[in-house]
Amino acid sequence: MEKKIYIETYGCQMNVNDTEVIFSILAKKGYARTEEMSEADVILANTCSVRDNAEQRIHGRIEVFAQQKKARPGVIVGIVGCMAERLKDKLLESGKVDIVAGPDAYRSLPRLLDAVSPGNPQIDVLLSHEETYADIAPVRIDKGGVSAFISIMRGCNNVCSYCVVPYTRGAERSRDPHSIVREACDVFSRGYREVTLLGQNVDSYRWTSPEGEVVDFAQLLARVADIDPKLRVRFATSHPKDISDTVLETMASRPNICRHIHLPVQSGSNRLLEKMRRRYTREWYLERVAKIRSLMPDCGLTTDVIAGFCSETEEDHALTLSLFREVGFDSAFMFAYSERPGTLAARHYPDDVPQDVKVRRLNEIIALQNEMSLQRYRAQVGRTLEVLVEGPSKRDPGRLCGRASNNMMCVFPAGAYRAGDYATVKVTACTSATLICELA
Ligand code: SAH
Ligand code: SF4
Ligand code: F3S
């Protein structure tokens, strides 16, 4: 009988796409996907290490998986992804985990599954300089069939001092652009209308063919956008030090490249940016924002920020708040600093901002951002937008939802529209996270 595999996915969009790669690799070995843990022969968690609470959550899940093993002997439990890479055989100590596989080891999963037996766990956490899974067609796990993730590179060559990703995902490598364009064409022909090109720092995408031909991110973006005007192209994540005028001009020249840039700032204080090794200044960041807005006045901007990084003073924090006020992001992912073992910051700087101060500063940033979001969303009221229909709205299944080019979520009456259609809507009202629209 066919074996069933169940995967829980944590962390970033790259992990979601990796889960799709794992399903594809294991489907070839006869494993069928299930969404019910209770009927799975193999239970995997694709994990994240970026903050300590992400890892704590997985330790909790391992206990839940252990109950499944108890109830149904023979069930295999595997931890894969970033936490597998970071903790390696330490994950085997509890005896509750049978398989540990890092982000570059997914091709080994069939072998590990064949070899595993009670008391004989299997591990592969080798990182690679070449692996991009370029030839593997991911099994899409999204429900709508409208929007697909495509990883264009893996790893990261930056050493932001707080960040564990370079250790869990290894060195940066870019994927062959032909395989990226092929994948985008393939999903488009299957009815998808949006692709999101993924990498930790897409601006440093750079592929050199054996003949010496170089393709950079701007060229890749153009190639994907030129597949069809009805295919929307998004990308994440951009790095403020690397996002080039050529990329911005490529966006501006092609309406199907969505008007949205996720540009993590991390801090508004130059002293902290230096300490974080971000390699740009507040002034540089603001200049990039000004350039984006001069080329694309309607471009959506979102960001990531860390409150309470090592040695952060009230002054540094005030600079972050003033930057948020000055830029006016549409939305932001906001975090309290979490020290990660092995990173530059953990080795060199004491984690000296008390927890209650971190939380207070984080809450101040969140409160300010909520205000700014509401302003940014209100500014859309009265405008007419083109929306790619994703499906029924979660809150109100009688209505549809979809994103505008600037990435704002819109909710509107269904009319004759279906998932994958482009709808023209007029914004009539909003919250700080949704535009309420009528059909135009
Ligand atoms: N490659 C992307 C983001 C990777 S991680 C970039 O360069 O921006 C996603 C976000 O998690 C980061 O932007 C940062 O804001 C946050 N983050 C990373 N390490 C963290 C840590 N140790 N503590 C708190 N937040 C962290
Ligand atoms: Fe981490 Fe910096 Fe790389 Fe982003 S660019 S993944 S924050 S090291
Ligand atoms: Fe987490 Fe790994 Fe992504 S640490 S944020 S899952 S790259």
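Numbering of residues begins at 1 and proceeds along the displayed sequence. When reading the values below, keep in mind they use all heavy atoms of this one structure, side chains included, and skip hydrogens, waters and symmetry mates. One-based numbering, in listed order, for ligands and for the atoms of each.
- Heavy-atom neighbours of His59 NE2 from other residues, nucleotides or ligands within 6.0 Å: above the threshold of 12.
- Distance from atom 19 (N) of ligand 1 to its nearest protein heavy atom, with residue and atom name: Tyr162 CD1, 3.3 Å.
- The proximity of Gln266 to ligand 1, defined as any non-hydrogen pair under 4.0 Å, is limited to the side chain.
- Heavy-atom proximity to Arg278, at under 4.0 Å, picks out these atoms of ligand 2: 2 (Fe), 7 (S).
- Of the protein's non-hydrogen atoms, the one nearest atom 2 (Fe) of ligand 3 is Cys82 SG, 2.2 Å.
- Atom 5 (S) of ligand 1 has Val50 CG2, 3.9 Å as its closest protein atom, hydrogens excluded (heavy atom only).
- Between His262 and His260, the two ring planes are tilted [angle within 30° to 60°].
- Electrostatic pairing of Glu63 and Lys96 counts as a salt bridge here, judged by a charged N lying under 4.0 Å from a carboxylate O.
- In this structure, atom 4 (S) of ligand 3 lies nearest to the protein heavy atom Ser49 N, 3.3 Å.
- Between Asn201 and ligand 1, a contact under 3.5 Å exists for no N or O pair.
- A salt bridge between Asp52 and Arg57 is absent, with no side-chain N of the basic residue lying under 4.0 Å from a carboxylate O of the acidic one.
- Not close to ligand 3: Gly81, with no non-hydrogen atom less than 4.0 angstrom away.
- The closest approach between any non-hydrogen atom of Val165 and ligand 1 is not below 4.0 Å.
- The nearest heavy-atom contact from the protein to atom 4 (C) of ligand 1 is Gln200 OE1, 3.4 Å.
- Scanning all protein heavy atoms for the shortest distance to atom 7 (O) of ligand 1 gives Arg278 NH1, 3.4 Å.
- A salt bridge is defined here as a Lys NZ or Arg NE, NH1 or NH2 lying under 4.0 Å from an Asp or Glu carboxylate O, and Arg360 with Glu314 meets this definition.
- Within ligand 1, the atoms closer than 4.0 Å to a non-hydrogen atom of Arg51 are 11 (O), 16 (C), 17 (N), 23 (N), 24 (C), 25 (N), 26 (C), numbered from 1 in the order shown.
- With a 4.5 Å cut-off on side-chain heavy atoms, Ser238 and Val202 count as touching.
- Within the 4.0 Å heavy-atom cutoff, Arg277 does not count among the residues contacting ligand 2.
- Scanning the protein heavy atoms around atom 5 (S) of ligand 2, the nearest turns out to be Asn158 ND2, 3.4 Å.
- Polar contact check, Glu339 against ligand 1: no nitrogen or oxygen pair lies under 3.5 Å apart.
- When non-hydrogen atoms are compared, ligand 2 lies under 4.0 Å from the side chain of Pro166 (C-beta onward) but not from its backbone.
- Arg175 has a carboxylate O that lies under 4.0 Å from a charged side-chain N of Glu183, or vice versa, which qualifies the two as a salt bridge.
- For atom 3 (Fe) of ligand 3, the closest heavy atom belonging to the protein is Cys12 SG, 2.3 Å.
- Note that Lys275 lies in the cation-pi zone of Tyr349, set by a 6.0 Å cut-off to the ring centre and a 45° limit from the axis.
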Next on the checklist: Using the rule given for side-chain hydrogen bond (donor to acceptor under 3.5 Å, both in side chains), can you reason through Arg378 versus Ser373, listing the C-alpha separation, both sets of side-chain angles and the distance that settles it, and then say yes or no?
Outcome noted: CA-CA 8 Å; Arg378 270 204 192 123; Ser373 293; over 6 Å; no

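- With respect to atom 7 (S) of ligand 2, the closest heavy atom belonging to the protein is Tyr162 OH, 3.3 Å.
- Contact annotation: Cys48 places an N, O or S atom under 2.8 Å from atom 1 (Fe) of ligand 3.
- If you look at Ala336 next to ligand 1, the close heavy atoms, those under 4.0 Å, all belong to the backbone.
- Only the side chain of Cys156 comes within contact range of ligand 2, with a heavy atom under 4.0 Å; no backbone atom does.
- Which parts of ligand 3 touch Arg169 is read off a 4.0 Å heavy-atom cut-off, strictly below it: atoms 2 (Fe), 7 (S).
- By the 4.0 Å heavy-atom criterion, Met83 is excluded from the residues contacting ligand 3.
- Taking the six-membered ring for Trp, Phe329 and Phe324 have ring centres closer than 6.0 Å.
- When heavy-atom distances to ligand 1 are checked against a 4.0 Å cut-off, Lys241 has no atom that comes that close, whether in backbone or side chain.
- For the pair Met276 and ligand 1, no heavy-atom separation below 4.0 Å is found.
- For ligand 1, the atoms closer than 4.0 angstrom to any heavy atom of Arg340 are 22 (N).
- With a heavy-atom cut-off of 4.0 Å, Val165 touches ligand 2 through its side chain alone.
- Around CD of Glu249, the count of heavy atoms belonging to other residues, nucleotides or ligands within 6.0 Å exceeds 12.
- Around the CZ atom of Arg61, the shell of radius 6.0 Å holds more than 12 heavy atoms that belong to other residues, nucleotides or ligands.
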Item to check | From CA spacing to verdict: side-chain hydrogen bond (donor to acceptor under 3.5 Å, both in side chains), Tyr162, Glu339 | outcome: CA-CA 7 Å; Tyr162 51 81; Glu339 185 177 82; over 6 Å; no

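- Listed by number with element, the atoms of ligand 3 under 4.0 angstrom from any heavy atom of Gln200 are 7 (S).
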Checklist entry - For Arg271 and Ser311, what are the C-alpha separation, side-chain angles and deciding distance, and is it a side-chain hydrogen bond (donor to acceptor under 3.5 Å, both in side chains)? => result CA-CA 10 Å; Arg271 193 181 69 82; Ser311 85; 3.2 Å; yes

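- Looking at atom 13 (O) of ligand 1, its nearest protein heavy atom turns out to be Asp304 OD2, 2.6 Å.
- For Phe23 and Tyr31, the ring centers sit 6.0 Å or farther from each other.
- Note on Asp330 versus Arg376: salt bridge recorded, some NZ/NE/NH1/NH2 to OD/OE distance being below 4.0 Å.
- Closest to atom 21 (C) of ligand 1, if we only count protein heavy atoms, is Ser338 O, 3.5 Å.
- Those atoms of ligand 3 with a heavy atom of Asn15 less than 4.0 angstrom away are 6 (S).
- Residue, atom and distance of the protein heavy atom nearest to atom 1 (Fe) of ligand 2 are Cys163 SG, 2.3 Å.
- The parts of Tyr337 lying near ligand 1 are both backbone and side chain, judged by heavy-atom distances below 4.0 Å.
- Remark: of the listed residues Cys163, Ser161, Pro166, Ser161 is the sole one forming a side-chain contact (heavy atoms from CB on, under 4.5 Å) with Leu344.
- In Pro264, the part holding a heavy atom less than 4.0 Å from any atom of ligand 1 is the side chain.
- Ring geometry for Tyr285 versus Tyr280: interplanar angle of 30 to 60°, hence tilted.
- Inter-residue side-chain proximity for Val21 and Arg107 is flagged as unmet; no heavy-atom pair is nearer than 4.5 Å.
- When only non-hydrogen protein atoms are considered, atom 2 (Fe) of ligand 2 lies nearest to Cys160 SG, 2.3 Å.
- The 12-atom threshold is exceeded at CD of Glu283, counting heavy atoms of other residues, nucleotides or ligands nearer than 6.0 Å.
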